[in-house]
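Take a look at the structure set out below.
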Amino acid sequence: MGEEQTTEGGGREFWRVLEELRGRLANGVYPLGSTLPAQRALADELAVSRDTVQRALRALSGEGWIESRQGSGSRVVKSPIHLGNPRQEAPRVRATLGTFIARAFAQPVVQLDVFTLTSESLDAHIRLQAERIRLEEITPERIELRMLLPSLSLELPYPRAQSPAREGEEEREAEAGQLDQLNGQLQDRLHAITRRHAISLRSALRDLQTEGLVPSVQVEVRHVPLTPAFKLYLRPGAEALFGPYEVVERSILMDDETEVDAIDVLGLGSTLTRHVNDEGDPDSSGSVFVESMHAWFDSCWDLLARPS
């Protein structure tokens, strides 16, 4: 409990608000060029303090999605480029994760294979589907989720603190020591986020079985010594979502309220492309991609992965 409240930059309420606002950006509730509601209005709507809203807005500003100016509010300056309404019949189209997960959960047997950096986006969509099950909008009989995450012992190339130019040798040595310390803190922060969301989505799914809403739920998370350059979501034999992470320069808000200029990746801004397995044409590009990605996932799962 202590870790959830202290290690990830502000506690559960901060992360709840941040995830909600990220979701609204991703779903087009706040489109490009629009102005977000006033801080006080958001605080009242989300039942949190204005300070919590301010911190979430600062985080979104650091990620490059909004621009905040005193007296003018917060304006959306960048939208996730995977928004759009995919054509169901196309073998390869830009697509949204929410629609993909909804299609998976509409099946009697939900099967998902996932390779991602933190599972932050997936966690939010899984919880949405869990609520749909509780409302009896969907009634899956079995849920099977396999997820690959990077090993917690792996030194990732991002996020990385940026170094200002230094001329003197002593200044460069001091700067190198400070950068090593900052990079360690940034890696710890990322791993804490990864653990938090993996635990969260596990709990969300297993609670469905405990509550008697889904007869069978299998959730397994394994770690691989690989740095995710892309995110991959598979419905085995049916379809795949694939998208590279967007590498950006951004300011990261740390636990102690300091901001670190860093090189990082954003999943929210990545282009997700949908590939569909055309059973009538096993040699189609969509079919080949889905099957090859499924084979790649299985080989990583069996040969490289270690249970969490």
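Atom set for the values below is all heavy atoms of this structure, side chains included, hydrogens, waters and symmetry mates excluded. All values reported here derive from a predicted model rather than from experimental measurement.
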> If you link I, L, V, M, F, W and Y whenever their side-chain heavy atoms are under 4.5 Å apart, who else ends up in the same group as V224?
Replying inline: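 In the cluster with V224 are F115, L148, L226, F230, L232, L234, F242, F289, M293, W296, F297, W301, L304.
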> So, for P31 and V29, which heavy atoms are closest and what is the spacing to 0.1 Å?
Replying inline: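 So the two residues come closest at CD-O, 3.3 Å.
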>> Which heavy atom of Q162 sits nearest to which heavy atom of L179, and what is that distance?
In response: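 Looking at all heavy atoms of both residues, the closest pair is O-CD2, 3.8 Å.
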If two hydrophobic side chains count as joined below 4.5 Å and joins carry through other members, does [X] share a cluster with [Y]?
| X | Y | value |
| --- | --- | --- |
| F14 | I193 | yes |
| I138 | L145 | yes |
| L186 | L152 | no |
| L97 | V219 | yes |
| V276 | V288 | no |

> Hey, is R127 close enough to D123 for a salt bridge, meaning N to O under 4.0 Å?
Replying inline: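 D123 and R127: salt-bridged.
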>> Looking at E20 and R16, is there a salt bridge between them, counting it only when a charged N and a carboxylate O are closer than 4.0 Å?
In response: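 Salt bridge absent between R16 and E20.
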Out of curiosity, [X] [atom1] to [Y] [atom2], how far, rounded to the nearest 0.5 Å?
| X | Y | atom1 | atom2 | answer |
| --- | --- | --- | --- | --- |
| I126 | S121 | CD1 | OG | 11.5 Å |
| L42 | L46 | CG | CG | 6.0 Å |
| E239 | H275 | CD | NE2 | 11.0 Å |
| S200 | E120 | OG | CD | 10.5 Å |
| L182 | I252 | CG | CD1 | 10.0 Å |
| L57 | L21 | CG | CG | 6.5 Å |

>> For R103 and R274: C-alpha separation, side-chain torsions, deciding distance, then whether side-chain contact (heavy atoms from CB on, under 4.5 Å) applies.
In response: CA-CA 12 Å; R103 281 195 297 270; R274 183 183 179 221; 3.0 Å; yes
> What salt bridge (Lys or Arg N to Asp or Glu O under 4.0 Å) pairs are there with at least one residue in residues 141-158, not counting sequence neighbours?
Replying inline: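 Sorted pair list: D113-R146, R142-E144, R146-D298, E155-R160.
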Any side-chain heavy atom of [X] sitting closer than 4.5 Å to one from [Y]?
| X | Y | answer |
| --- | --- | --- |
| V221 | L149 | yes |
| I66 | L36 | yes |
| K231 | L241 | no |
| Y233 | L112 | no |
| P150 | L117 | yes |
| V217 | D207 | no |
| V109 | P140 | no |
| M147 | L201 | yes |

>> Set out, in order, the CA-CA distance, both residues' side-chain angles and the distance that settles side-chain contact (heavy atoms from CB on, under 4.5 Å) for L18 and R22, then state yes or no.
In response: CA-CA 6 Å; L18 182 57; R22 281 174 174 164; 3.6 Å; yes
>> Taking salt bridge (Lys or Arg N to Asp or Glu O under 4.0 Å) as the definition, give me every residue that meets it alongside E136, ordered by chain and number, with sequence neighbours left out.
In response: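 Listed in chain order: nothing, the list is empty.
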Could you verify whether a donor N or O on one side chain and an acceptor N or O on the other, from [X] and [Y], lie under 3.5 Å apart?
| X | Y | result |
| --- | --- | --- |
| Y245 | T116 | yes |
| E259 | S251 | yes |
| N277 | E291 | yes |
| Q129 | R132 | yes |
| S287 | D278 | no |

Between [X] and [Y], is there a donor-acceptor pair closer than 3.5 Å when you use the side chain of the first and the backbone of the second?
| X | Y | value |
| --- | --- | --- |
| T258 | M254 | no |
| Q39 | R50 | no |
| D261 | R250 | no |
| S72 | S68 | no |

>> Can you list everything that forms a side chain to side chain contact (heavy atoms under 4.5 Å, CB included) with T227? Sequence neighbours excluded, please.
In response: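 T227 satisfies side chain to side chain contact (heavy atoms under 4.5 Å, CB included) with L154, L156, P157, Y158 once adjacent residues are dropped.
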>> Under the rule for side chain to side chain donor-acceptor pair (under 3.5 Å), what residues qualify as partners of S119, not counting sequence neighbours?
In response: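 Once residues adjacent in sequence are excluded, S119 has no partner under the side chain to side chain donor-acceptor pair (under 3.5 Å) criterion.
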>> Q181: which residues meet the side chain to side chain donor-acceptor pair (under 3.5 Å) condition with it, sequence neighbours left out?
In response: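 In terms of side chain to side chain donor-acceptor pair (under 3.5 Å), with neighbours along the sequence ignored, Q181 is linked to no residue.
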> Taking the six-membered ring of Y30 as reference, does the NZ or CZ atom of R24 fall below 6.0 Å from its centre and within a 45° cone about the axis?
Replying inline: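 No, cation not above the ring by the 6.0 Å, 45° rule.
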